[in-house]
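Single-structure report; data block below.
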Amino acid sequence: MIDVLIIGSGAAGLTAALEAKKYTNNIVVLSKTYPTHSQTAQAQGGINAALAQEDSVEQHIKDTLKSAHGLGDEKAIEILCTNAKDSIQWLDEIGVPFSRTLNSSIAQRQLGGTKKTRACYSSDYTGLKILHTLYDQCIKEGIVFYNERMMLDVIVENETAQGIIALDISSTKVEEYRAKKVILATGGYSGLYFDYTTNSYSTTGDGVAVAYRAGCTLKDMEYIQFHPTTLEKNNILISESARGEGGYLVDKDGQRFVDELLPRDEVARAILSKIDKGEEVFLDLRHLGKEKINEAMPQENRLVHEFCHLKMEDDLIPIHPAAHYTMGGIKTNHHAQTNIQNLYACGECANSGVHGANRLGGNSLLELIVFGKIAGKHASMESLEYSAINIDQHNQHLDQSKEYVESLFHSTNEINFYEKRETMGKEFFKKIGLFRTQNEMQEVLSLVQQWKKKLSKMGIGDKSKTYNRNLIEFIEFSNMLELSEIIVSSALNRCESRGAHYRLDYPLELEEFAYDFEL
């Protein structure tokens with residue numbers, strides 16, 4: 001039996017694996033894709049830590065609590081911020097190539113919603129550099145990886161997680177993985193905003209949906225953060241670092257219309273308000289000069305040139321907000337434990353309480369490291385004292401998952417679920433996006449419920465058993481559909497505006513809603 005089984009190979013999962021390896025040897029990481037393909041690679045701006053003399057852990061806590069709009073768990077936020085400096089030192093020690101000042105200190109930049117210059121960075125490749133360094137360390141430590149495995153089910157027996165059921169994407173074989181402890185690090189669910197998100201197509205909330213079906217409590221599912229600046233028409237992220245380095249947001253006349261370093265939800269709403277009126281909005285970096293742009297944001301400069309045929313040093317860059325990060329997820333305690341024994345969650349799939357109603361820029365990468373370590377340490381140490389309970393040799397979970405997958409090969413595809421997926425993305429961005437109303441959200445809920453009733457008619461056309469993307473994408477869509485109903489219902493229940501949840505029909509933040517919605 002595996003000591004600690006980690007589902008997901010982004011920074012949270014890899015950090016958990018490295019930490020767990022300190023206490024026990026039998027560590028396995030399962031991933032739907034490959035470790036270096038994780039969404040972590042898209043985090044460009046930086047990772048927060050109060051390193052400067054004029055900054056402090058107390059100020060970091062205050063900034064995070066303010067951004068959370070009353071929904072943050074103060075103890076969890078304290079854990080996050082007090083462990084930030086040690087996390088940066090650890091990343092530095094294992095080889096993350098942080099950008100440096102002239103005196104060789106780790107360079108920092110200011111991101112939105114903060115009072116201080118706090119985000120450590122590696123030009124605009126911060127998440128990518130962290131991810132690759134963590135993966136190198138995992139290989140060095142001999143951690144076992146099973147890639148191209150999609151989790152279908154958590155094995156729960158006697159109210160205790162005993163492992164997972166996964167689909168081998170290459171062969172369509174359904175497999176069982178028994179483990180003493182399971183850590184979910186499967187990422188968020190911004191993929192619901194199909195064609196309106198900075199996330200990869202694989203970020204479909206599978207882990208959250210599977211955990212929910214297994215009996216996990218979900219929390220704050222209505223909270224989705226929209227990044228203010230993505231390239232118009234293709235949603236390619238232009239990091240907050242561009243504004244942190246001094247970039248302006250301007251209209252067609254070159255006039256600034258918002259404080260660029262306000263919290264992301266405020267900046268994104270200001271931009272979309274302009275766009276909804278038929279106006280264009282641009283990111284202006286021309287005043288920074290070519291040398292500064294190439295030094296601080298080489299990746300973004302390349303992307304702008306490649307996809308827009310523009311130059312940051314010469315041109316205004318047309319932008320548009322897009323879904324970027326999900327604050328909601330699987331509820332966890334301060335040890336990263338879920339309400340199911342032996343089951344943990346960390347990273348974007350989890351709701352640890354550190355983000356509340358709006359994530360502070362620079363805190364997402366920090367959460368991956370801090371709570372990845374907490375999950376890995378707690379799970380591995382607990383596994384040492386684990387006394388295996390009686391396991392049903394005839395695993396009904398395995399049988400059910402096999403039957404489910406086999407049934408999909410015999411299903412009809414009278415209705416094209418790909419069309420529904422595109423419609424979901426468009427409707428979610430328009431009506432469960434930066435501006436929300438009762439009537440429009442109810443329209444989306446009705447649409448989702450109709451699709452759920454017709455899901456049996458949305459089968460797969462491809463019947464092959466080798467690398468069947470049609471099969472994987474249908475299972476993903478099923479998970480998206482399940483989560484979409486939960487998200488809309490949660491948003492309808494919160495009759496106020498708070499952080500990233502902004503309702504035109506309830507524009508005020510109300511005291512009676514100063515609590516988290518749990519399911």
- From S490 atom OG to L218 atom CG, the distance as rounded to the nearest 0.5 Å: 8.5 Å
- So do I79 and V354 actually touch side chain to side chain, heavy atoms under 4.5 Å? no
- Query: Are any of the side-chain nitrogens in R503 or E222 under 4.0 Å away from the carboxylate oxygens of its partner?
  - Reply: no
- Message: What's the separation between atom NZ in K180 and atom CG in L5, rounded to the nearest 0.5 Å?
- Response: 13.0 Å
- Message: If I compare all heavy atoms of I432 with all of F226, which pair ends up nearest, and what's the gap?
- Response: O-CZ, 4.0 Å
- Message: Taking R118's backbone N and O only, do any of them form a donor-acceptor pair with Q108's side chain (distance below 3.5 Å, no angle check)?
- Response: yes
- Task: List the steps and the verdict of salt bridge (charged side-chain N to carboxylate O under 4.0 Å, His left out) for E509 and R498.
- Result: CA-CA 5 Å; E509 189 172 295; R498 184 183 295 267; 3.3 Å; yes
- Item | Exceeds 12 heavy-atom contacts within 6.0 angstrom, atom OH of Y146 | no
- For residues Y325 and S364, determine if any side-chain heavy atom of one lies less than 4.5 Å from a side-chain heavy atom of the other. yes
- For residues Y193 and F428, establish whether the separation of their ring centroids is below 6.0 Å. yes
- Without hydrogens or angle criteria, can the side chains of D265 and Q225 be said to hold a donor-acceptor pair below 3.5 Å? no
- Within a strict 4.5 Å, meaning less than it, do heavy atoms of the I275 and P321 side chains meet? yes
- Query: Hey, is K22 close enough to E19 for a salt bridge, meaning N to O under 4.0 Å?
  - Reply: yes
- Item | Inter-residue atom distance E240.CD - T229.OG1, 0.5 Å rounding | 7.5 Å
- Query: If every non-hydrogen atom of M312 is compared with every non-hydrogen atom of V304, which pair is closest and at what distance?
  - Reply: CE-CG2, 3.8 Å
- Are any of the side-chain heavy atoms of K373 and N83 separated by less than 4.5 Å? no
- Supply the atom-to-atom distance Y121 OH to S239 OG, rounded to the nearest 0.5 angstrom. 11.5 Å
- Item | Test: R286 and D284 ion pair at under 4.0 Å | yes
- Message: Ring centroids only, cut at 6.0 angstrom: are Y135 and F145 within range, meaning strictly under it?
- Response: yes
- Item | From CG (L288) to CD (E313), nearest 0.5 Å | 10.5 Å
- Taking NZ, NE, NH1 and NH2 as the nitrogens, is one of them in E54 or K116 under 4.0 Å from a carboxylate oxygen of the other? no
- Message: Is the distance between the ring centroids of F194 and Y201 under 6.0 Å?
- Response: yes
- Query: For the residue pair C120 and I106, what are the closest heavy atoms and their distance?
  - Reply: CB-CG2, 3.7 Å
- Message: Just verifying a value: how many Å separate M221 CE and T326 OG1, rounded to the nearest 0.5 Å?
- Response: 7.5 Å
- Item | R149 and Y177: side chain donor to acceptor below 3.5 Å | yes
- Item | Donor-acceptor under 3.5 Å (E496 side chain, L510 main chain) | yes
- Quick check: are there more than 12 heavy atoms from other residues, nucleotides or ligands sitting under 6.0 Å from CD of E74? no
- Task: Please examine the side chains of C138 and L18, heavy atoms only from C-beta on, and report whether any two atoms are closer than 4.5 Å.
- Result: yes
- Is there side-chain contact between N479 and Y189, with heavy atoms separated by less than 4.5 Å? no
- Considering all heavy atoms, the nearest R264-G361 contact: NH2-CA, 4.0 Å
- Query: Below 4.5 Å, heavy atoms only, C-beta onward: do K426 and D195 meet side chain to side chain?
  - Reply: no
- Decide whether N363 and H60 meet the rule of one side-chain donor and one side-chain acceptor closer than 3.5 Å. yes
- Item | Any donor-acceptor N or O pair under 3.5 Å, side chains T198, Q42 | no
- Query: Counting distance only, does the side-chain N/O of K32 pair as donor-acceptor with the main-chain N or O of S202 below 3.5 Å?
  - Reply: yes
- Message: Quick check on K430: does its NZ atom have over 12 non-hydrogen neighbours (other residues, nucleotides or ligands) under 6.0 Å away?
- Response: no
- Message: Would you say that more than 12 heavy atoms from the other residues, nucleotides or ligands in this model lie under 6.0 Å from the NZ of K129, or not?
- Response: no
- For V267 and L262, which heavy atoms make the closest approach, and how far apart are they? CG2-O, 3.5 Å
- Side-chain donor-acceptor pair under 3.5 Å between S200 and T203, yes or no? yes
- Task: List the steps and the verdict of salt bridge (charged side-chain N to carboxylate O under 4.0 Å, His left out) for R100 and D92.
- Result: CA-CA 11 Å; R100 301 281 172 171; D92 192 30; 2.6 Å; yes
- Message: Ignoring hydrogens, what is the shortest heavy-atom contact between S123 and T126? Give both atom names and the distance.
- Response: O-OG1, 4.0 Å
- Would you indicate whether the side-chain heavy atoms of L237 and L303 approach each other to under 4.5 Å? no
- Y223-H355 side chain donor-acceptor pair, cut-off 3.5 Å: no
- Message: Under 6.0 Å from the ring centre and within 45 degrees of the ring axis: does the NZ or CZ of R494 meet both conditions for the six-membered ring of F513?
- Response: no
